[in-house]
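Notes for the one structure printed next.
Because only heavy atoms are used, hydrogens play no part in the values below, and waters and symmetry mates are left out as well, while side chains stay in.
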Amino acid sequence: MTINAFIFDLDGTLLNTIADLRDSINLALDHFGYTHFSEAEVKLKVGNGMLKLIQRCLPIGSSEAHVQEVLAIFLHEYKLHQMDKTAPYEGIVDLLHELNRRGIPCGVISNKQNPNTQSIIRHFFSDVDFTFVSGEVKGIAPKPDPTLTLQCIDAMKLDPANILYVGDTKVDIATGHNAGLKTVGVTWGFRDRKELIDNHADFLVDHPSQLLNLL
């Protein structure tokens, strides 16, 4: 198997975003007197998009109207705070620069809303050339639905057999497999090694530089 490209998840894979997500969720919950969540708790709630994140943070049985109300406040707060504490994981910037140097196409598919995804990529990776970047788009189901990943594959103009999908959760492993790709589970993200193994990641890496060994 020859690998010619990578498609990356964003949160928990390229960027450690958890502190800003936690803070923004708790600011939204403050409006309604709800209890705060810890960073560890939020790590287990992310992965399926912002709507699902808010649903998981609210009491069971919360109305759709209330979910949307809290979601709107959260998105406002997150737009203000999404770059306060967020940073690339150690070794990620060097990896992306090396992939660019070698001419290896890279894409990013996130369940973060698309405007947030685009702005955060521009901020942290302004000097990295990505073939395709997309967050959640209205009218397209979030990951693990493969639609956006398939669009990325089309943009790369490569055989899916030569592309690896890289992520940190079972959602990412399912996304890659749903798109017909081999997958890489990264162990520095929001979930543990067991989740990646149990969901049949094809490869595991403990540091970004190890992805170069798969080329």
Side-chain angles (χ1 to χ4, degrees), residues 5-28 37 39 42-54 56-57 70-100 104-145 147-149 151-152 155-156 165-169 171-172 175-176 184-186 188-191 207-208 211:
F6 290 101
I7 301 175
F8 294 95
D9 169 53
L10 183 57
D11 297 54
T13 301
L14 298 180
L15 293 173
N16 186 353
T17 58
I18 199 67
D20 288 335
L21 287 167
R22 176 205 61 201
D23 291 349
S24 300
I25 289 166
N26 288 336
L27 285 168
F37 288 100
E39 199 168 289
V42 174
K43 279 184 178 181
L44 297 178
K45 297 179 184 297
V46 299
N48 294 91
M50 300 305 202
L51 174 61
K52 184 64 70 173
L53 172 60
I54 295 305
R56 289 169 176 165
C57 289
V70 179
L71 175 63
I73 296 171
F74 162 71
L75 291 175
H76 173 75
E77 295 291 353
Y78 190 57
K79 184 177 180 180
L80 296 176
H81 299 289
Q82 66 176 343
M83 299 174 196
D84 289 356
K85 300 171 184 174
T86 288
Y89 286 99
E90 186 266 327
I92 284 294
V93 172
D94 289 342
L95 168 70
L96 294 174
H97 287 165
E98 179 62 18
L99 293 174
N100 275 184
I104 303 295
C106 297
V108 177
I109 304 294
S110 175
N111 273 347
K112 188 191 299 292
Q113 292 203 338
N114 194 45
N116 298 106
T117 299
Q118 300 294 339
S119 62
I120 209 166
I121 286 287
R122 286 194 300 270
H123 180 82
F124 288 104
F125 304 117
S126 61
D127 60 348
V128 175
D129 181 24
F130 290 106
T131 303
F132 186 95
V133 174
S134 184
E136 187 176 354
V137 175
K138 187 175 181 180
I140 298 178
K143 300 186 296 184
D145 182 279
T147 300
L148 289 172
T149 303
Q151 290 181 16
C152 183
M156 289 177 164
Y165 192 100
V166 184
D168 67 307
T169 73
V171 173
D172 298 311
T175 301
V184 183
V186 305
W188 57 79
F190 296 166
R191 304 292 172 79
H207 189 274
L211 286 166

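Contact detail for Cys152 and Ile109: the closest heavy-atom pair is CB-CD1, 4.1 Å. Closest non-hydrogen pair, Pro105 versus Thr131, comes out as CB-OG1, 3.6 Å. In terms of heavy atoms, Thr13 sits closest to Ile92 at O-CD1, 3.5 Å. For Cys106 against Met156, the heavy-atom pair with the smallest separation is C-CE, 3.6 Å. When every heavy atom of Phe132 is checked against every heavy atom of Ala155, the shortest pair comes out as CD1-CB, 4.0 Å. Scanning both residues, Gly91 and Pro208, for their nearest heavy atoms gives O-CB, 3.7 Å.
Applying the side-chain contact (heavy atoms from CB on, under 4.5 Å) rule to Leu80 yields the partners His76, Glu77; only residues at least two apart in sequence or on another chain are considered. In this view, Tyr78 and Phe74 satisfy the ring-ring contact (aromatic ring centres under 6.0 Å, His included) rule, not counting sequence neighbours.
The NE2 atom of His97 lies 3.5 Å from the CG atom of Asp127; values are rounded to the nearest 0.5 Å. Atom CG of Asp9 and atom CG of Asn111 lie 8.0 Å apart (nearest 0.5 Å). Taking CG from Asp11 and NZ from Lys43, the interatomic distance works out to 12.5 Å, rounded to the nearest 0.5 Å. A distance of 8.5 Å separates CD1 in Ile120 from OG in Ser110, rounded to the nearest 0.5 Å. Taking CD of Gln113 as the reference point, atom CE of Met50 lies at 6.5 Å (rounded to 0.5 Å). If you take CZ on Phe125 and CG on Leu96, they are separated by 5.5 Å, rounding to the nearest 0.5 Å.
Without hydrogens or angle criteria, Ser24 side chain to Leu21 main chain gives no donor-acceptor distance under 3.5 Å. Using modelled atom types, one side-chain atom of Asp20 and one backbone atom of Asp84 make a donor-acceptor pair closer than 3.5 Å. At distances below 3.5 Å, at least one donor-acceptor pair connects side-chain atoms of Asn100 with backbone N or O atoms of Asp129. Under a 3.5 Å cut-off, the side chain of Asn26 and the backbone N or O of Phe37 do form a donor-acceptor pair. Side chain of Thr117 to backbone of Lys112: a donor-acceptor contact under 3.5 angstrom is found. In this structure, the side chain of Lys45 engages the main chain of Arg56 through a donor-acceptor pair within 3.5 Å.
Within the 4.5 Å cutoff, no side-chain heavy atoms of Asp23 are placed close to those of His81. Counting heavy atoms from C-beta on, the side chains of Trp188 and Asn16 never come closer than 4.5 Å. Within the 4.5 Å cutoff, the side chain of Val186 has no heavy atoms near those of the His207 side chain. Looking at Pro88 and Leu14, their side chains never come closer than 4.5 Å, going by heavy atoms from C-beta outward. Inter-residue side-chain proximity for Leu95 and Phe8 is flagged as met; some heavy-atom pair is nearer than 4.5 Å.
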Worked verdict on Lys79 versus Ser119 for side chain to side chain contact (heavy atoms under 4.5 Å, CB included): CA-CA 10 Å; Lys79 184 177 180 180; Ser119 62; over 6 Å; no
Full working for side chain to side chain contact (heavy atoms under 4.5 Å, CB included) between Thr17 and Gln82: CA-CA 8 Å; Thr17 58; Gln82 66 176 343; over 6 Å; no
Chi angles and distances behind the side chain to side chain contact (heavy atoms under 4.5 Å, CB included) call for Leu10, Ile121: CA-CA 9 Å; Leu10 183 57; Ile121 286 287; 3.8 Å; yes
Check against side chain to side chain contact (heavy atoms under 4.5 Å, CB included), Leu44 and Phe190: CA-CA 7 Å; Leu44 297 178; Phe190 296 166; over 6 Å; no
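Within a 6.0 Å sphere centred on NZ of Lys52, heavy atoms belonging to other residues, nucleotides or ligands number 12 at most.
Looking only at atom types and distance, the side chain of Thr169 has a donor-acceptor partner in the side chain of Asp172 under 3.5 Å away.
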